[in-house]
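Quick notes on the structure that follows.
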Amino acid sequence: MSDAKFYITTAIDYVNSRPHLGTAYEKVTADVIARYRRLRGDRVFFLMGNDEHSLKVEQAARQQGLEPEAYCDRMEEAFTEVWKLLDIDYDDFIRTSQERHKRAVAELLTRIHANGDVYQADYEGWYCNGCEAFKNEGDLVEGRCPDHVGLELAWLKEKNHFFRLSRYQDFLVEHYAKEADFVRPEVRKNELLELLRGGLKDISISRESASWGVPVPFDPDAVVYVWFDALINYVAGVGWPDDEARFQSWWPADLHLVGKDITRFHCIIWPAMLKSAGLPLPRAIFGHGFVNLGKDRMSKSLGTIVDPKALVARYGADAIRFYLCAEATFGRDLEYGEDRLAIRANSDLANGLGNLLSRAISMLIKYRDGVVPAVPTDCASAAVTARAIEDYRRAMDALDLKGGVEAAMSIVIHANKLVDDEAPWALAKDPSQAERLDRVLYELLESCRAASVLLGPVMPTKMRDLRLALRCEAEAPRLEQAAFGGLAAGTRLEKIAPLFPRIDPPEES
RNA sequence: GGCGACGUAGCUCAGUCGGUUAGAGCGAGGGAUUCAUAAGCCCUAGGUCACUGGUUCGAGUCCAGUCGUCGCUACCA
């Protein structure tokens, strides 16, 4: 139905700490979106990666007695291990220390330099190694950076290269006006528009004091400022500048998914960089919310980190992915609570969808010897499914993941009601109701199958298991296959183990 | 200080262009069943839709102000 391409990226992660549930949230939602686009039939490229430069990383490496390269290798393993556990199906994983990335950085800098957008100036001030940035006096709290109270500030004076960001102010304002969906959600756009009204300052894009980074092509004494460097991964990841054909086939990105704290870099600096370099701008940037632990921000120093690996061990990737999508309004913060995760896993998945599958198959075996009956498909469930697909598509296209899950689950809810309304065990005792029983059984099984297609992007493994249990095409279904009537008559099904075993709720703490 | 949100049943939230008795899920209480992972289904919550005033035939839904929470930003010359 669609042969559109869809290029989606997540922010690349700093490798100075291990991924936590908040980091995972971004990758999970990106993966769900990517899988949804594949379900729609789009040609999808999903890029993730690690951000390996910066003084901070170098210091972390030295502290462990490692060269930065070796340290980053280890961190790549640490990250990708978690992504694998969470079923994140990215197409490529870029690292900013890779040659392809460095070439892109050099090329982009050369271009904006040639375009007259880079100039030299001295910069002097308090530098926070935590932020990798100079701080204004006014930002300091008791002489320290409010975001990194544990770190000493350094008074630095160095020659910097500056990017003429100020030149792009009007361009950006116009672009925001022209492209309504360029920045979402609305809250973030408002913030940035306000910032644009206040005027943009040129930004420093190089560091003399650091060595672990990409050399500035026109100044061997300096390396590129880590943020400026990092953004460029999005074009490097699709072949720029060396593989023009590949680049053309994917760029511009259709969606940059980033945390709400870094929308500014992606919505202001990045577009200006691209414009200056003569490259097309991304189509959309979405600033998602944070996963908070209760009311607290998830933070390493506060000890409020939730480890995704431990959660996967207990709940499985699918339940966690389902929880993250179903519970959060995409774009806003989510208050994480393990009790809520357990409730979701039990009530929606074990009691709702999993139990529906069990009872449907069980009745089929009991009343029809396990053979899927042939029945007309113009029933109430068909209408419910059709509507669910429509709602699902609308929600997912708008990046309303919660709405998408709700639409899919409406099929399950309807089917569970149907069981009680029709009471198959009563129909089974009355031979004159045989056709009706056939129809009901088919409706229940079909509802499971349809739901599995819609929920596939959210729970790839379990939904595949579900389709396997129904002996239908398990791999890479298309959205249109969710339509009612896909289950072949005559297939014989067998009893299955619970798809989602119930989980004991966590102890009160 | 400026800008922008948010404030709806115990909890988490939906509520499109303003229109009859304000919704869902979870939790809790009750009921009728038995196919199922003791799951599912049905009924029940009587909530000043933060507060006040305004526009309107009519406002949770628009406007102004107040209070509270939060985000961004500025400044304390």
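Keep in mind that this is a model prediction, so the values were computed, not measured. For the numbers below, each heavy atom of this structure counts, side chains included, while hydrogens, waters and symmetry mates do not. Letters A, B, ... mirror the listed sequences (proteins, then strands); counts begin at 1.
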**OP:** Would you indicate which nucleotide in B:C26, B:A39, B:C41 comes nearest to any side-chain atom of A:D420?
**Re:** B:C41
Original post:
A:R264 has a side chain; which of B:A36, B:U33, B:U73 sits nearest to it?
Top reply: B:U73
Original post:
With sugar-phosphate meaning primed atoms plus P, OP1 and OP2, does A:R332 contact a base, only sugar-phosphate, or nothing at under 4.0 Å between heavy atoms?
Top reply: sugar-phosphate
**OP:** For the pair A:D31 and A:R321, find out whether any cationic side-chain nitrogen is under 4.0 Å from an anionic carboxylate oxygen.
**Re:** yes
Original post:
For atom C1', what is the distance between B:G58 and B:C67, given to the nearest Å?
Top reply: 28 Å
Original post:
With rounding to whole Å, what would you report as the distance between B:U21 and B:U73 at their P atoms?
Top reply: 46 Å
Subject >> Spacing of the P atoms in B:A59 and B:U20 (rounded, Å) >> reply: 11 Å
Original post:
Taking the six-membered ring for Trp, are A:F162 and A:Y119 parallel (under 30°), tilted (30 to 60°) or perpendicular (over 60°)?
Top reply: parallel
Original post:
Roughly how far apart, to the nearest Å, are B:A39 and B:A5 at atom C1'?
Top reply: 41 Å
Subject >> Upstream residue (5' side of RNA chain B) when A:N190 and A:R359 are each assigned their closest nucleotide >> reply: A:N190
Original post:
Expressed in whole Å, how much space separates the C1' atoms belonging to B:G23 and B:C70?
Top reply: 26 Å
Original post:
How long is the line joining CZ of A:R197 and P of B:A74, in whole Å?
Top reply: 14 Å
Original post:
Between atom CG in A:L357 and atom P in B:U37, what is the gap in whole Å?
Top reply: 11 Å
Original post:
Mapping A:L353 and A:N416 onto RNA chain B by nearest heavy atom, which one lands closer to the 5' end?
Top reply: A:L353
Subject >> B:C42 OP1/OP2 closer than 4.0 Å to side-chain N/O of A:K417 >> reply: yes
Subject >> B:G19 versus B:U12 - spacing of their C1' atoms, nearest Å >> reply: 29 Å
Original post:
How close or far is atom C1' of B:G23 from atom CD of A:E406, stated in whole angstroms?
Top reply: 12 Å
Original post:
Among A:W227, A:W270, A:Y234, A:F228, which residue meets the ring pair (Phe, Tyr, Trp, His ring centres under 6.0 Å) test with A:F265?
Top reply: A:W227
**OP:** Mind calculating the distance between CD (A:E186) and C1' (B:C6) to the nearest angstrom?
**Re:** 15 Å
Original post:
Quick one: A:L349 CG to B:A39 C1', roughly how many Å, whole number?
Top reply: 13 Å
**OP:** Kindly say if A:K495 contacts the phosphate of B:U37, meaning a side-chain N or O under 4.0 Å from OP1 or OP2.
**Re:** yes
**OP:** Would you classify A:F500 as touching base, sugar-phosphate or nothing, given that sugar-phosphate means primed atoms plus P, OP1 and OP2, and contacts are heavy atoms under 4.0 Å?
**Re:** base
Original post:
Taking atom C1' of B:C70 as reference, at what distance in whole Å does atom CZ of A:F290 sit?
Top reply: 13 Å
Original post:
For B:G23, which nucleotide in any strand shown is its Watson-Crick or wobble partner with both distances under 3.5 Å?
Top reply: B:C13
Subject >> Sole candidate of A:L356, A:V440, A:L487 that passes side chain to side chain contact (heavy atoms under 4.5 Å, CB included) when paired with A:L445 >> reply: A:L487
Subject >> Option from A:I88, A:I8, A:N233 for which side chain to side chain contact (heavy atoms under 4.5 Å, CB included) with A:M48 holds >> reply: A:I88
Original post:
Contact class for A:G354 vs. all strands (heavy atom < 4.0 Å): base, sugar-phosphate, or nothing?
Top reply: base
**OP:** Just name whichever nucleotide pairs with B:G4, Watson-Crick or G-U, keeping both distances under 3.5 Å, else none.
**Re:** B:C70
Original post:
Which of the following nucleotides, B:G2, B:U37, B:G4, is nearest to the side chain of A:E194?
Top reply: B:G2
Subject >> Selected nucleotide, minimal atom distance to A:T329 side chain, candidates B:A36, B:A14, B:A39 >> reply: B:A14
**OP:** Check whether any side-chain nitrogen or oxygen of A:N351 sits under 4.0 Å from OP1 or OP2 of B:G40, and answer yes or no.
**Re:** yes
Original post:
Taking the C1' atom of each, how far is B:U44 from B:U48, in whole Å?
Top reply: 22 Å
**OP:** Report which part of the nucleic acid A:L499 touches: base, sugar-phosphate, or nothing (heavy-atom distance under 4.0 Å, all strands).
**Re:** base
Original post:
How far does the C1' atom of B:A22 sit from the matching atom of B:U16, given to the nearest Å?
Top reply: 15 Å
Original post:
A:S358 near the nucleic acid: base, sugar-phosphate alone, or nothing, with a heavy-atom cut-off under 4.0 Å?
Top reply: base
**OP:** Choose from B:G40, B:A36, B:U34 the nucleotide whose nearest atom is closest to any side-chain atom of A:W425.
**Re:** B:U34
Original post:
For A:K402, which contact category applies under a 4.0 Å heavy-atom criterion: base, sugar-phosphate, or nothing?
Top reply: sugar-phosphate
Original post:
Roughly how many Å is it from CG in A:L341 to P in B:C11, rounded to a whole number?
Top reply: 21 Å
Original post:
Across the strands shown, which category fits A:K189 at heavy-atom distances under 4.0 angstrom: base, sugar-phosphate, nothing?
Top reply: nothing
**OP:** Among B:C13, B:C35, B:U37, find the nucleotide with the atom closest to the side chain of A:N355.
**Re:** B:U37
Original post:
Does A:R314 pair with A:E338 as a salt bridge, N-O distance under 4.0 Å?
Top reply: yes
Original post:
Is atom CZ of A:R471 surrounded by more than 12 heavy atoms (other residues, nucleotides or ligands) closer than 6.0 Å?
Top reply: yes
**OP:** Once you apply the 3.5 Å cut-off to both distances, tell me the Watson-Crick or G-U wobble partner of B:C41, or none.
**Re:** B:G31
Subject >> Euclidean distance, atom CG of residue A:L196 to atom C1' of B:G4 [Å, nearest integer] >> reply: 15 Å
**OP:** Fit a plane to each ring of A:Y392 and A:Y36, take the angle between them on a 0 to 90° scale, and name the class: parallel (under 30°), tilted (30 to 60°) or perpendicular (over 60°).
**Re:** perpendicular
